[in-house]
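Below is one structure; the comments refer to it alone.
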Amino acid sequence: MDLGSVPFGTLPKVLSNTLSCSSYRTQGGVHVHEDGLTVTSPVLMWVQALDTILERMKALGFDFSQVLALSGAGQQHGSVYWKTGASQVLTNLSPDLLLHKQLQACFSIKDSPVWMDSSTTAQCRQLEAAVGGAQALSSLTGSRAYERFTGNQIAKIYQQNPEAYSHTERISLVSSFAASLFLGSYSPIDYSDGSGMNLLQIQDKVWSQACLSACAPHLEEKLGSPVPSCSVVGAISSYYVQRYGFPPGCKVVAFTGDNPASLAGMRLEEGDIAVSLGTSDTLFLWLQEPIPALEGHIFCNPVDPQHYMALLCFKNGSLMREKIRDESASCSWSDFSKALRSTEMGNSGNLGFYFDIMEITPEIIGRHRFSAENLKVSAFPGDVEVRALIEGQFMAKRIHAEGLGYRVMPKTKILATGGASHNKDILQVLADVFGAPVYVIDTANSACVGSAYRAFHGLAAGTDLPFSEVVKLAPNPQLAATPSSGASQVYEALLPQYAKLEQRILAQTRGPPE
Ligand SMILES: Nc1ncnc2c1ncn2[C@@H]1O[C@H](COP(=O)(O)OP(=O)(O)O)[C@@H](O)[C@H]1O
Ligand SMILES: O=C(CO)[C@@H](O)[C@H](O)COP(=O)(O)O
C-alpha cells in the first residue's frame with residue numbers, strides 16, 4: 001500500500017492504496033498449486049498488509065486527519081469470497097484490534113484466485129458456448145473467455161466447491177474488497193474493473209443475465225450492482241476514525257483495477273500508448289469506440305464514463321526478465337543493462353521467445369531461439385540472450401497492438417510505468433522497437449498516483465468536472481528515451497520476421513487442425 005498525496009497546489013492530501021503481500025510462504029505474493037495452473041493468494045495476507053501499512057504510517061506520525069478522500073487499486077480479476085455473516089463483522093469492527101484478527105472467520109474461500117490463475121479452461125468453453133461463441137462473448141463483455149477472468153473463476157468454485165459457494169454472501173474483486181475494508185461495508189464493483197470478469201455488458205454497464213446464469217446461480221445478488229468508477233461509495237468506517245484519526249467525513253471513491261488506475265495516473269490521452277512493465281506486462285490505449293475482438297480486452301474507461309480502454313496482457317513480464325537476469329547477467333540489473341548496451345539493435349538477427357509460463361498474448365509456452373537464418377538454436381551467449389528477451393518482449397507488444405488496429409503515428413508518445421520502467425536501457429529498446437519517444441512520470445507507481453487523482457476527482461463529484469481538468473496542474477511526464485538513428489530500418493525488417501516465427505511456433509504447439 002502506498003501513500004499518495006497529490007503533489008501540487010493547495011490540494012488536500014489523499015490516500016491511495018494498493019495491497020501487496022507479506023510472509024504467508026508465498027512466492028511473488030502467490031501460491032502456485034501442484035497442477036501448475038491454479039494460482040491463489042491467502043486473503044488474510046492482504047488484510048494484514050493493510051494493517052501493517054496503517055500501523056507503520058501511524059508510527060511515523062502520518063496525520064490521517066488531513067485525508068479528505070481516498071481511493072485505491074488492486075490487481076485485476078482476482079476475487080474474494082465473503083462468508084455469510086461477514087457483513088455483520090465488517091460493520092462492527094472494534095478499533096482496539098487489528099483487522100486481520102477480526103476478519104479471520106469471514107471468508108468462505110481462504111485462498112483467493114488471482115490473475116495468474118489459468119485453471120478454468122473448461123469453464124471458459126462453457127461460458128462461450130452459452131452465449132453463442134467467443135466473438136459473441138467478446139462483443140458483449142469486451143473479451144472472449146479468459147481463464148483469469150472472474151466469471152470463469154466463480155464458475156469453477158461453484159462447480160468444485162458448491163457448499164463454500166452457497167455459504168458466500170458476497171463476492172468482491174480485489175479492488176472492491178480493499179474498498180470494503182475502508183468502508184466497513186460491501187463496496188460495489190466499478191465499471192472499469194468489472195469489465196475484467198466476462199460478466200459485465202460493457203456498452204450498457206449492467207451484468208449480463210446470460211453470463212451470470214452460465215457461471216453460477218444467485219450470482220447477481222452476490223455481486224451487487226456495478227457503479228461508475230468515479231462514484232463516492234461512502235464515508236470511511238468509524239474503525240479508521242477511532243483507531244487512526246481519519247476525519248469522519250473522509251470519502252471513499254470506488255476502487256478500480258491496477259491497469260485502469262495506471263491509465264488515470266499517467267493521464268493517458270487518445271493516441272498515446274501506455275506500457276506497464278510490472279509483474280505482468282500490459283499495454284493499454286484510450287479508446288472512443290470499442291471494437292471487441294478475439295485477442296485483447298476492452299474495459300470501460302475509469303475516468304470518462306463515455307469512453308473505453310483497450311488492454312493487452314503479457315504474463316511473462318518482470319519475472320521472466322528476472323530469470324534471464326539471474327541466468328545470463330550475474331543476478332544484477334546493472335549487468336543486464338550492460339548486456340543491452342554492448343549488443344546492437346536487431347541483435348544481429350537473433351530472435352527469442354521466452355515464456356516459462358503459458359503466455360496469454362499469444363498462447364505459447366517455452367523458450368524458442370532462432371538464428372539470423374531462422375534456424376532453431378538451443379542457447380545464445382549471455383549478452384545476446386538478454387537483448388533477444390527484451391527485443392522479443394517489445395516486438396510482441398508492437399505486433400499485437402497493431403493487430404488491434406493501433407498505429408504508431410508521428411505524434412505518438414509511449415508512457416512507461418511499472419518496476420522495469422526504472423531501467424533506462426530497457427526503455428531505450430522500447431523506444432527503438434516502437435520508433436517513438438518514451439516518457440515516464442516521476443513515480444513508476446502510476447496505479448497509486450492514479451488512485452490519488454481519482455480520489456481527488458471523487459471530491460469534485462456532482463460538479464461534472466472532467467478528470468482532465470482535475471489533474472491539469474499535475475507534473476508532465478519526463479522524456480526518458482528517444483529512438484536511436486537507424487532504429488526504424490532495423491525493426492521494420494525484424495518485426496515481420498518475429499511475427500512469422502511466432503505463427504510458426506503457434507502452429508507447431510497447437511498441432512494440426514482437428
Ligand atoms: N532496475 C530494474 N530493471 C528491470 N526491472 C526492474 C528494475 N527494478 C525493478 N524491476 C522489476 O520490477 C518488478 C516490480 O514491478 P511493479 O510494477 O512494482 O510490480 P506489480 O505489477 O506487481 O505492481 C520486479 O519484479 C522487478 O523485476
Ligand atoms: O491480468 C492483468 C490484466 O488483465 C494483470 O495486469 C493484473 O491486473 C495484475 O497485474 P500486476 O500488477 O500483478 O502485474
Side-chain angles (χ1 to χ4, degrees), residues 1-2 17-21 26-30 39 41 46 72-79 113-118 142-143 146-150 152-153 173-175 192-198 255-263 265-266 274-284 295-299 302 309-326 329 331-340 357 359-361 386 389-390 393 416-430 440-441 443-451 480:
M1 179 175 174
D2 295 66
N17 155 51
T18 56
L19 289 176
S20 74
C21 54
T26 54
Q27 280 196 325
V30 300
V39 189
S41 291
W46 293 333
Q75 60 165 292
Q76 298 199 256
H77 321 296
S79 43
V114 299
W115 73 274
M116 293 162 107
D117 186 284
S118 49
S143 305
Y146 280 87
E147 278 76 357
R148 67 193 192 287
F149 275 45
T150 326
N152 308 306
Q153 294 292 338
L173 291 178
V174 177
S175 57
S192 193
D193 209 16
S195 316
M197 301 172 78
N198 277 146
F255 284 30
T256 192
D258 57 347
N259 294 297
S262 276
L263 179 140
M266 296 165 104
V275 176
S276 168
L277 303 169
T279 305
S280 62
D281 283 354
T282 56
L283 178 149
F284 45 90
E295 181 170 85
H297 316 299
I298 308 285
F299 297 153
M309 66 184 276
L311 181 134
L312 287 170
C313 183
F314 303 83
K315 209 179 208 175
N316 291 268
S318 277
L319 301 182
M320 194 65 240
R321 288 188 286 273
E322 282 176 20
K323 272 198 188 170
I324 299 294
R325 175 201 65 187
D326 297 349
C331 305
S332 139
W333 286 126
S334 136
D335 286 2
F336 190 92
S337 286
K338 257 189 236 152
L340 287 176
I357 47 173
E359 183 47 69
I360 296 168
T361 318
V386 168
L389 167 72
I390 299 298
Q393 289 189 328
T417 183
S421 69
H422 291 295
N423 188 317
K424 292 258 178 215
D425 299 286
I426 291 180
L427 297 186
Q428 185 59 54
V429 181
L430 178 59
V440 288
I441 54 171
T443 159
N445 205 335
S446 54
C448 283
V449 177
S451 299

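Atoms within each ligand, like the ligands themselves, are counted from 1 in listed order. In what follows, residues are counted from 1 in the order of the sequence shown. Bear in mind the structure is a predicted one, so any value in this text is a computation, not a measurement. Heavy-atom basis, side chains included; hydrogens, waters and symmetry copies ignored.
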Q) Does the Q393 side chain pair with the main chain of N316, one donor and one acceptor, at a distance under 3.5 Å? A)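 Confirmed, Q393 side chain pairs with N316 backbone.
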Could you check whether [Y] and [X], counting side-chain N and O atoms only, form a donor-acceptor pair closer than 3.5 Å?
X    : Y    : answer
N152 : E147 : no
Q76  : R148 : no
S276 : D281 : no

Q) Centroid-to-centroid, H77 to Y146, below 6.0 Å? A)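 Distance test on ring centres: not under 6.0 Å, no.
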Q) Angle class for the H297/F299 ring planes (parallel below 30°, perpendicular above 60°, tilted otherwise)? A)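 Geometry flag for F299 against H297: parallel rings.
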Q.
Counting only heavy atoms and a distance below 4.0 Å, can you name the residues contacting ligand 2?
A.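 Only Q75, Q76, H77, W115, R148, D258, N259, T279, S280, T282, L311, C313 have heavy atoms that fall under 4.0 Å of ligand 2, ordered by chain and number.
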Q. Which is it for I426 and ligand 1 at heavy atoms under 4.0 Å: side chain, backbone, both or neither?
A.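 Contact part for I426 vs ligand 1: side chain (C-beta onward).
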Q) Can you find an N or O of E322 that's nearer than 3.5 Å to an N or O of ligand 1? A)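 By distance alone, the answer is yes.
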Q: Output yes when the distance from some N or O of ligand 1 to some N or O of T279 is under 3.5 Å, and no in every other case.
A: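 Checking ligand 1 against T279, an N or O pair does fall under 3.5 Å apart.
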**Q.** Qualifying salt bridge (Lys or Arg N to Asp or Glu O under 4.0 Å) pairs, either residue in residues 419-428, two or more places apart
**A.**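 Only R341-D425 qualify under salt bridge (Lys or Arg N to Asp or Glu O under 4.0 Å).
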(Q) Consider side chain to side chain donor-acceptor pair (under 3.5 Å). Of N259, T417, D258, which one does T282 pass it with? (A)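 Going through N259, T417, D258 one by one, the side chain to side chain donor-acceptor pair (under 3.5 Å) with T282 is satisfied by N259 alone.
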Q. Would R321 count as a contact of ligand 1 if the rule is a heavy atom under 4.0 Å away?
A.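 For ligand 1, residue contact (heavy atoms, under 4.0 Å) with R321 is absent.
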Q.
With heavy-atom distances below 4.0 Å as the criterion, list the atoms of ligand 1 near G418.
A.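 That gives atoms 17 (O) of ligand 1.
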